[in-house]
2 protein chains.
Amino acid sequence: MPSKLTTEPACENVDSSFLRSLLGYNTRRVTLKIFDIFAARTRAYGLKPVEFSVLNLIGHNPNISHGQLCAELALLPPNLTKILQKLTKKHLIQRFRPESDKRAVYLKLTETGQQQLHELEIVITKLERDSASNLSDEELEQLIQLLQKNYGKTA
Amino acid sequence: MPSKLTTEPACENVDSSFLRSLLGYNTRRVTLKIFDIFAARTRAYGLKPVEFSVLNLIGHNPNISHGQLCAELALLPPNLTKILQKLTKKHLIQRFRPESDKRAVYLKLTETGQQQLHELEIVITKLERDSASNLSDEELEQLIQLLQKNYGKTA
DNA sequence: TATTGTTATACTCTATAACTATA
DNA sequence: TATAGTTATAGAGTATAACAATA
């Protein structure tokens, strides 16, 4: 790319005050930071945040359906199918067709799945607390409450 | 996929309490919600959130360099290059090579760029306020403060 | 005909490696 | 030799369309 020359001085301290005043900018940055720590601490399990979310919901909601998972996690059906295939290959979940509606798929954890979910929940609970080390317990709780209040039942 | 049949009852109300207790889950959901509204309200400008962030930083930091932008926004150089090419094509930014170091690139907004940045900042300020309609002014401010305190200077 | 979930595929976003030019 | 930025490309994440099986 051809560019004109300049003798103007460089920009010294970067002013990002406008961006830092935006909720969306801040939530994205925090998400990226936490997901980095997540990747580092759960490497042994080979599961990404969304995949853990799916495992968790199946664990706490036996016989949850494909459609219910999509709605709860704002995932599109084709993408959830891939995640479920991966979890099935890792022998973490089992699939059942209800007699009452043979189109649907009901999901459950295997023994292995329950064990890994339990371990992961411990790792992640600790990880969450550590990733917010700048915040007191009260502040963290308050932060999460404010975030929930924001996206509420709509999403 | 072959699945066994079951006569067990469906899962009724989905319990997502564990996920909702996680900071990372909540920040991701809020980000997605805000970015959806962003897309809807800024469609006329044809800029995505990251592209707006770049435009904003260049506007508030004349002669900012490629490297400074990457550091501030946690972008990789090749991906920033693409964004800058798009902004250049839209005649929103200009590129200069400093006499002192002809490897570097200093960036500035064009007149058009300044105009569009100004308009976008108004749209986005309003959008941010509307997207957090469940929160009072005080709560929104507090929320942003807590988020900033979390990722602080490290990220 | 409508619904549940799958397959195939395209598009976007992010990441890595190799390169040019300056220093 | 090291640094700033670019190019090309690969991989992950997300989206749309068409389909099979069941209701």
Side-chain angles (χ1 to χ4, degrees), chain A residues 1-6 10-11 28-29 31-33 35-36 38-39 43 46-54 58 63-89 93-107 155, chain B residues 1-6 10-11 28-29 31-33 35-36 38-39 46-54 58 63-89 93-107:
Chain A
M1 279 238 169
S3 310
K4 290 178 191 168
L5 289 173
T6 181
C11 156
R28 190 177 96 90
R29 294 300 293 261
T31 304
L32 291 178
K33 182 184 172 187
F35 281 19
D36 273 357
F38 183 101
R43 191 157 294 136
L47 292 181
K48 285 152 204 165
V50 207
E51 292 160 358
F52 165 76
S53 296
V54 171
I58 296 173
N63 291 332
I64 192 173
S65 73
H66 193 122
Q68 285 173 306
L69 275 172
C70 283
E72 189 64 34
L73 295 174
L75 293 173
L76 293 172
N79 302 329
L80 177 62
T81 294
K82 278 187 236 163
I83 294 172
L84 295 179
Q85 285 168 347
K86 175 172 172 181
L87 295 179
T88 304
K89 266 190 197 155
I93 64 170
Q94 283 178 302
R95 306 150 64 89
F96 299 93
R97 300 255 170 202
E99 294 272 11
S100 54
D101 183 346
K102 287 175 188 162
R103 294 172 304 181
V105 179
Y106 284 5
L107 301 158
Chain B
M1 277 236 168
S3 309
K4 290 177 191 167
L5 289 174
T6 181
C11 157
R28 189 175 98 88
R29 294 300 293 260
T31 304
L32 291 178
K33 182 184 172 185
F35 281 19
D36 273 356
F38 183 101
L47 293 181
K48 285 153 204 163
V50 206
E51 293 159 356
F52 165 77
S53 296
V54 171
I58 297 173
N63 291 332
I64 192 173
S65 73
H66 193 121
Q68 286 173 305
L69 275 173
C70 283
E72 189 63 35
L73 295 175
L75 292 174
L76 293 172
N79 301 328
L80 177 61
T81 294
K82 277 186 237 163
I83 294 172
L84 293 179
Q85 285 169 345
K86 175 171 172 181
L87 296 179
T88 304
K89 264 189 198 156
I93 64 170
Q94 283 178 299
R95 305 150 65 89
F96 299 93
R97 300 253 169 202
E99 294 271 12
S100 53
D101 183 347
K102 287 175 188 162
R103 295 172 303 181
V105 179
Y106 284 3
L107 300 159

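A quick note: this is a predicted structure, and the numbers were derived from the prediction, not measured. Here is the naming used below: chain letters follow the sequence lines, and residue numbers restart at 1 for every chain.
For the salt bridge (Lys or Arg N to Asp or Glu O under 4.0 Å) test, residues two or more places apart in sequence or in another chain that qualify with B:Asp101 are B:Arg103. Applying the salt bridge (Lys or Arg N to Asp or Glu O under 4.0 Å) criterion to B:Lys102, with sequence neighbours excluded, gives no partner residue. A:Gln94 pairs by the side chain to side chain contact (heavy atoms under 4.5 Å, CB included) definition with A:Phe96, A:Thr110, not counting sequence neighbours. Here B:Lys86 pairs with B:Glu51 under the salt bridge (Lys or Arg N to Asp or Glu O under 4.0 Å) rule; sequence neighbours left out.
Between the CD1 atom of A:Ile83 and the C1' atom of D:dT14 there is a distance of 11 Å, given to the nearest Å. Regarding A:Leu5, its CG atom lies at a distance of 12 Å from the C1' atom of C:dT22, rounded to whole Å. As rounded to whole Å, 12 Å separates atom C1' of D:dG5 from atom CG of B:Leu69. Rounding to whole angstrom units, CD of residue B:Glu51 and P of C:dT14 are separated by 11 Å. Rounded to an integer number of Å, the gap from B:Leu80 CG to C:dA15 P is 14 Å. Remark: P of D:dA23 and CZ of A:Arg97 are 10 Å apart, rounded to the nearest angstrom. Atom NZ in A:Lys48 sits about 14 Å away from atom C1' in C:dC13, given to the nearest Å. Rounded to whole Å, atom C1' of C:dA15 lies 17 Å from atom CG of B:Leu73.
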Collect all protein-nucleotide pairs involving nucleotides 16-21 of chain C in which both atoms are nitrogen or oxygen and the distance is under 3.5 Å.
none

Polar pairs (N or O, both sides) under 3.5 Å between protein and nucleotides 18-20 of chain D?
none

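The side chain of A:Thr81 places no N or O atom within less than 4.0 Å of a non-bridging phosphate oxygen (OP1 or OP2) of C:dG5. Of the side-chain N and O atoms in A:His66, one or more sit less than 4.0 angstrom from OP1 or OP2 of C:dT6. Checking the phosphate oxygens (OP1, OP2) of C:dT7, a side-chain nitrogen or oxygen of A:Gln85 falls inside 4.0 Å. Between C:dT4 and A:Arg95, no contact under 4.0 Å exists linking OP1 or OP2 to a side-chain N or O.
Of the candidates C:dG5, D:dT22, D:dG5, C:dG5 carries the atom nearest the A:Ser65 side chain, counting heavy atoms from C-beta on.
Residues A:Arg95 and A:Leu107 are in side-chain contact: their nearest non-hydrogen atoms beyond the backbone lie under 4.5 Å apart. B:Leu69 places a side-chain heavy atom less than 4.5 Å from the side chain of B:Ile64. A heavy-atom distance below 4.5 Å is not found between the side chains of B:Leu32 and B:Asp36.
Residue order along DNA chain D, read from the 5' end via each residue's closest nucleotide, puts B:Leu32 first among B:Leu32 and A:Ser100.
Side chain B:Lys82 to base D:dT6: no donor-acceptor pair is found below 3.5 Å.
Scanning all heavy atoms of the two residues, the minimum distance from A:Pro98 to A:Ala104 falls at CD-O, 3.5 Å. The two atoms that bring A:Gln68 and A:Asn63 nearest to each other are OE1-O, 4.3 Å, heavy atoms only. Between B:Ile93 and B:Leu84, the shortest heavy-atom distance links the atoms CD1-O, 3.6 Å.
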